[in-house]
2 protein chains.
Amino acid sequence: MSLTLRREVASVGPNLKRFGCRMNLKELARKLDLSPTTVSRALNGYPEVNEATRERVAAATRRYNYQPNTRAIRLATGRAMAVGHVIPLTTRHEIVNPVFADFIAGAGETYSRNGYDMLLSVVPDDNEERAYRELKSRGTVDGVIVHAPRMDDPRIPLLTEMRVPFVVHGRATGAALPYSWVDVNNRRAFKRATEFLIDLGHRRIGLVNGLEFMDFAIRRRSGYEDALGAAGIAVDPSILASDEMTETAGFRAMQTMLALPAPPSAIVVSSMLMALGVRRAIEKNGLKLGRDISVITHDDELSYLRNGDDVPIFTATRSSVREAGRQAADMLLSIISGKAAGPIERLLEAELIIGQSTGPFKG
Amino acid sequence: MSLTLRREVASVGPNLKRFGCRMNLKELARKLDLSPTTVSRALNGYPEVNEATRERVAAATRRYNYQPNTRAIRLATGRAMAVGHVIPLTTRHEIVNPVFADFIAGAGETYSRNGYDMLLSVVPDDNEERAYRELKSRGTVDGVIVHAPRMDDPRIPLLTEMRVPFVVHGRATGAALPYSWVDVNNRRAFKRATEFLIDLGHRRIGLVNGLEFMDFAIRRRSGYEDALGAAGIAVDPSILASDEMTETAGFRAMQTMLALPAPPSAIVVSSMLMALGVRRAIEKNGLKLGRDISVITHDDELSYLRNGDDVPIFTATRSSVREAGRQAADMLLSIISGKAAGPIERLLEAELIIGQSTGPFKG
DNA sequence: AATCGGTTTCAAACCGCTTTGGATGCTTCA
DNA sequence: TGAAGCATCCAAAGCGGTTTGAAACCGATT
């Protein structure tokens, strides 16, 4: 008994030095008159510990507000308990993916719910490979989310070869090996949008797309072309535009098309921001959106770019990027934990939202 | 000699199990016939090691591509080598700060240059306090950047009391204690912008502002009011708007003002996105931007919202958020390392960029 | 009573680095 | 010549967990 008391008194360990007044496993064990081994096992749900003991441990954990030291866990287990998001900065035109913030917001929920940290590294895309290798070799993350895949994206074979668990937000046309991804069904969405316009009687339908080395842009275009093809409408390159997804680019593209001898009567647009520019061009030419010219845009449901407050302004193919973030994160965690076997693929369908920017074709 | 050889052969340690084929300090030391202590010191620039030895170590480090295990360093030193960015999600209207992505891009450069990781946590703002406390107690970060400060922001006293190094992006009117911040001189910028319009002959000048519980919005308004006051112009509440910084809100605000019996002849706007909406309203009413009505907006130089490609479209008070990110990160790291003594403050001046959206008042 | 299988528990090694408190050898000075 | 001083280097004890291999305990079986 007196021994126990002495122990109690002596239990203010030297860890105070570094970590404030945190309780650590050893002290907790001492208070419980158990070995650290048992406490550790109790906490981690190992079977070889008596239920009664486990409850005692749980109670003490709450009572002393014990939180295991993440750094120690990481060292001991070799797991990083963190996932990385690499943001490539295109060196030429330093564009930060506008979709990024909302995707992160979705993924972040999942991570914190599972005790994982989210690590961001901003990387000039000329040494992206080195960045991934370092992430791996420094062991700071257990897995990675790949953003903004391009056609034949080199990151996919790279990460596969390095055996880093990863999930791609989007897909990469031309990838040889299977890999895990979460993506919107861009092809079907744009096919559907185009069909909708065709059903409204439009035959001359333009496309204002993102840069077509981006995978999603390729798919959107092919959906658009499929719908036209199915309706027996030839694709006319003069009403196809592909540029960065900015307001200005949307405006410029639309201006050019409207200046044609035979301007389109309807347009499919790849992003809300571009659609704002498209609308401006339309209005600048004295036309009325939805009456003189129809516009369907893709809407990622970015929080700072809502499609109207209550009623949608633009008719849109809608798919929440934030939801994609949640799903990608879930997927990555289950791959990391080994729960998932092979590569997982998740195709999200976009909704077609009818707004005020579309209307029937009038000769 | 043969001893050395045996050692070489035996040197494939058990660490292979966990960390792939990483070389660790002990092995490196063995190859060099030195103790781990000396190698560690050589690498960390301690004085008590011979220059020749230091060079040998450096050479071996390169040769074997040795990278110290971050997890071990973190545990041994108690430093996290990481900084946290907390992104509060307003539970009511889940807006992710649109400025955020670009700020991060700037800050990230600084972090990776200094070997720090950037940790993101997305936090519903109803339990923000708990999130900060946990960040501290789990010891996952050495410091924090505070985003989007509000008036009397509770995070500032909280972090101060918890003794977590932090830097605020922006300021918080009403904070009792001094703290470190990086901010644009919003007041002067908007004063300057308003003066510019006054100099052009405008007397009826509106303000389309962000939500006025945000600190920057308060300051912008006061700059605007100062300029009016100095020119002897009374502030008219009917041409003041304050709302979320979206295109739609900008449009709505401008529509309302234009419908007034005496609409303003010039407007100061708080963000590019709002300015897009303002412009739309102006054009919708058959007016010409810069001729019939003048607009100055604040431009954060967001990468996906450039103010025109070559020549600026909007006259703007311009200040790079990315640069603010870089500076805030620098500041935080120097606080963490103890190089900086007290709180540091950095006020960035916005440039006034003359674009095509402003012109002289014509009766 | 001795043995056995199963359940609980523990001591000690380990993860890879830092850091403390000496050792060692060499120079210098009384 | 011996002590002091200095420049280098090292063994070992940490950081706070996990994990291995073995021990203790228990009731049941022989």
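Any value given below was found using the heavy atoms of this structure, including those in side chains, with hydrogens, waters and symmetry copies removed. All figures in this text were calculated on a predicted structure; none of them were measured in a lab. Just so we're on the same page: letters track the sequence lines, and every chain starts at 1.
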Between [options], which nucleotide has the shortest distance from any of its atoms to the side chain of [X]?
X	options	result
B:Ala76	C:dC10, D:dC10, C:dT18	C:dT18
B:Pro68	D:dC9, C:dC17, D:dT18	C:dC17
A:Leu75	D:dG17, C:dA11, D:dG16	D:dG16
B:Thr77	C:dT18, C:dG16, C:dA12	C:dT18
B:Asn50	C:dC10, D:dT8, C:dT18	D:dT8

Q.
Any side-chain to backbone donor/acceptor pair from A:Asp142 onto A:Ala80? Under 3.5 Å, distance only.
A. yes
Q.
Please check this pair: side chain of B:Arg71 against backbone of A:Arg74, looking for a donor-acceptor N/O pair closer than 3.5 Å.
A.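 Yes, B:Arg71 side chain to A:Arg74 backbone: donor-acceptor pair under 3.5 Å.
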Distance below 4.0 Å between [X] side-chain N/O and [N] OP1 or OP2:
X	N	answer
A:Ser35	C:dC10	yes
A:Thr38	C:dC10	yes
A:Tyr46	D:dT19	yes
B:Asn24	C:dC15	no
B:Tyr66	C:dC17	yes
A:Asn69	D:dC15	no
A:Ser40	D:dT18	yes

Q. Are A:His169 and A:Phe100 near enough that their ring centres are under 6.0 Å apart?
A. no
Atom [atom1] of [X] to atom [atom2] of [N]: distance rounded to whole Å?
X	N	atom1	atom2	value
B:Leu25	C:dT19	CG	P	12 Å
B:Glu51	D:dC6	CD	P	20 Å
A:Arg79	C:dC14	CZ	P	21 Å
B:Arg41	D:dC10	CZ	P	11 Å
A:Arg54	C:dT9	CZ	P	10 Å
B:Asn44	C:dG16	CG	P	17 Å
A:Leu28	D:dG17	CG	P	9 Å
A:Glu27	D:dC15	CD	C1'	13 Å

Q) Mapping B:Thr53 and A:Glu48 to their closest nucleotides on DNA chain D, which lands nearer the 5' end? A)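 Closer to the 5' end of DNA chain D: B:Thr53.
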Q. Picking from B:Val144, B:Val86, B:Val146, what satisfies side chain to side chain contact (heavy atoms under 4.5 Å, CB included) with B:Arg155?
A. B:Val146
Q: Indicate, with a heavy-atom threshold strictly under 4.0 Å, whether A:Ile73 touches base, sugar-phosphate, or nothing.
A: sugar-phosphate
Q. Is there a donor-acceptor contact under 3.5 Å linking the side chains of B:Arg346 and B:Gln327?
A. yes
Q. Between B:Ser40 and B:Thr37, is any side-chain donor less than 3.5 angstrom from a side-chain acceptor?
A. no
